[in-house]
Amino acid sequence: MSTTEEKRTGQQRTGPARTRLISGPGILLVWLYGVMVVGAVSRSAYQIATDFGRAPLAYSLSAVAGLVYGFITYSLVRGGEKARTAALACCAAELVGVLTVGTWTLAEPSAFPDATVWSDYGAGYLFIPVLLPLSALYWLRKARRQERAAAA
């Protein structure tokens, strides 16, 4: 028994240890995604509960954004290669969503009587919704390359 967890539980791990994803810049990513979870979920929950009929598409998209942010946050905290792969896939999907909704809100503003988290590429959130997945994709891929180089 060599790790703290093994000493605490009295059990040895049977598989390879999970790779930590929240070291260095990963800590900042988890913090930012956590803030975005709170912002998107609280905003959409309030809007859906009080005035859903006004802009159902916009409010539903904000709720979806909150769920995506939550899953990415969970994946980063969980760690491991499967979590990294899931986070990469979700960040790519998030980026596609931000670019699609951002372009849609600029091309046809009448489709969105109220803003979403991803409207105008996240302008209401200081463009964090478009910058965050780009940063996360870059960091997750760079960290994977560094780990593979260190293991070789």
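Just so you know, these numbers come straight off a predicted model, no measurement behind them.
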Phe52, CZ atom: more than 12 neighbouring heavy atoms under 6.0 Å =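 For Phe52, atom CZ is crowded (more than 12 foreign heavy atoms under 6.0 Å).
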Does any N or O in the side chain of Thr105 come within less than 3.5 Å of the main-chain N or O of Asp120, such that one atom is a donor and the other an acceptor?
->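 Here the side-chain-to-backbone pair exists.
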Verify, without hydrogens or angle tests, whether Arg84 (side chain) and Leu140 (backbone) share a donor-acceptor contact under 3.5 angstrom.
->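 Yes, Arg84 side chain to Leu140 backbone: donor-acceptor pair under 3.5 Å.
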Kindly indicate whether the side chain of [X], heavy atoms from C-beta on, has any atom under 4.5 Å from the side chain of [Y].
X      : Y      : value
Val30  : Tyr33  : no
Tyr69  : Pro129 : yes
Thr85  : Arg144 : yes
Tyr121 : Val101 : no
Met36  : Thr73  : no

Point-to-point distance, once rounded to the nearest 0.5 Å, from OG of Ser135 to CD1 of Ile128 =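 Nearest 0.5 Å value for the OG-CD1 distance: 10.0 Å.
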Which residues share a ring-ring contact (aromatic ring centres under 6.0 Å, His included) with Tyr59, sequence neighbours left out =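 ring-ring contact (aromatic ring centres under 6.0 Å, His included) list for Tyr59, sorted by chain: empty.
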How would you list, by chain and number, every residue that makes a side-chain contact (heavy atoms from CB on, under 4.5 Å) with Lys82, sequence neighbours excluded?
->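 Listed in chain order: nothing, the list is empty.
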Can you name the side-chain contact (heavy atoms from CB on, under 4.5 Å) partners of Leu67, sequence neighbours left out?
->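 Result, side-chain contact (heavy atoms from CB on, under 4.5 Å) vs Leu67: none returned.
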Not counting sequence neighbours, list each pair that qualifies as a ring pair (Phe, Tyr, Trp, His ring centres under 6.0 Å) and has a residue in residues 76-97.
->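 Residue pairs with at least one partner in residues 76-97: there are none.
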Going by the ring pair (Phe, Tyr, Trp, His ring centres under 6.0 Å) test, which pairs reach into residues 87-117, not counting sequence neighbours?
->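 Sorted pair list: Trp104-Phe112.
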Name every donor-acceptor pair, under 3.5 Å, that has one atom in a side chain of residues 38-45 and the other anywhere in the protein, sequence neighbours excluded.
| from | atom 1 | to | atom 2 | distance (Å) |
| --- | --- | --- | --- | --- |
| Ser42 | OG | Val38 | O | 2.5 |
| Ser42 | OG | Gly39 | O | 3.4 |
| Arg43 | NH1 | Tyr125 | OH | 3.3 |
| Arg43 | NH2 | Ala115 | O | 2.9 |
| Ser44 | OG | Ala40 | O | 2.9 |
| Ser44 | OG | Val41 | O | 3.2 |

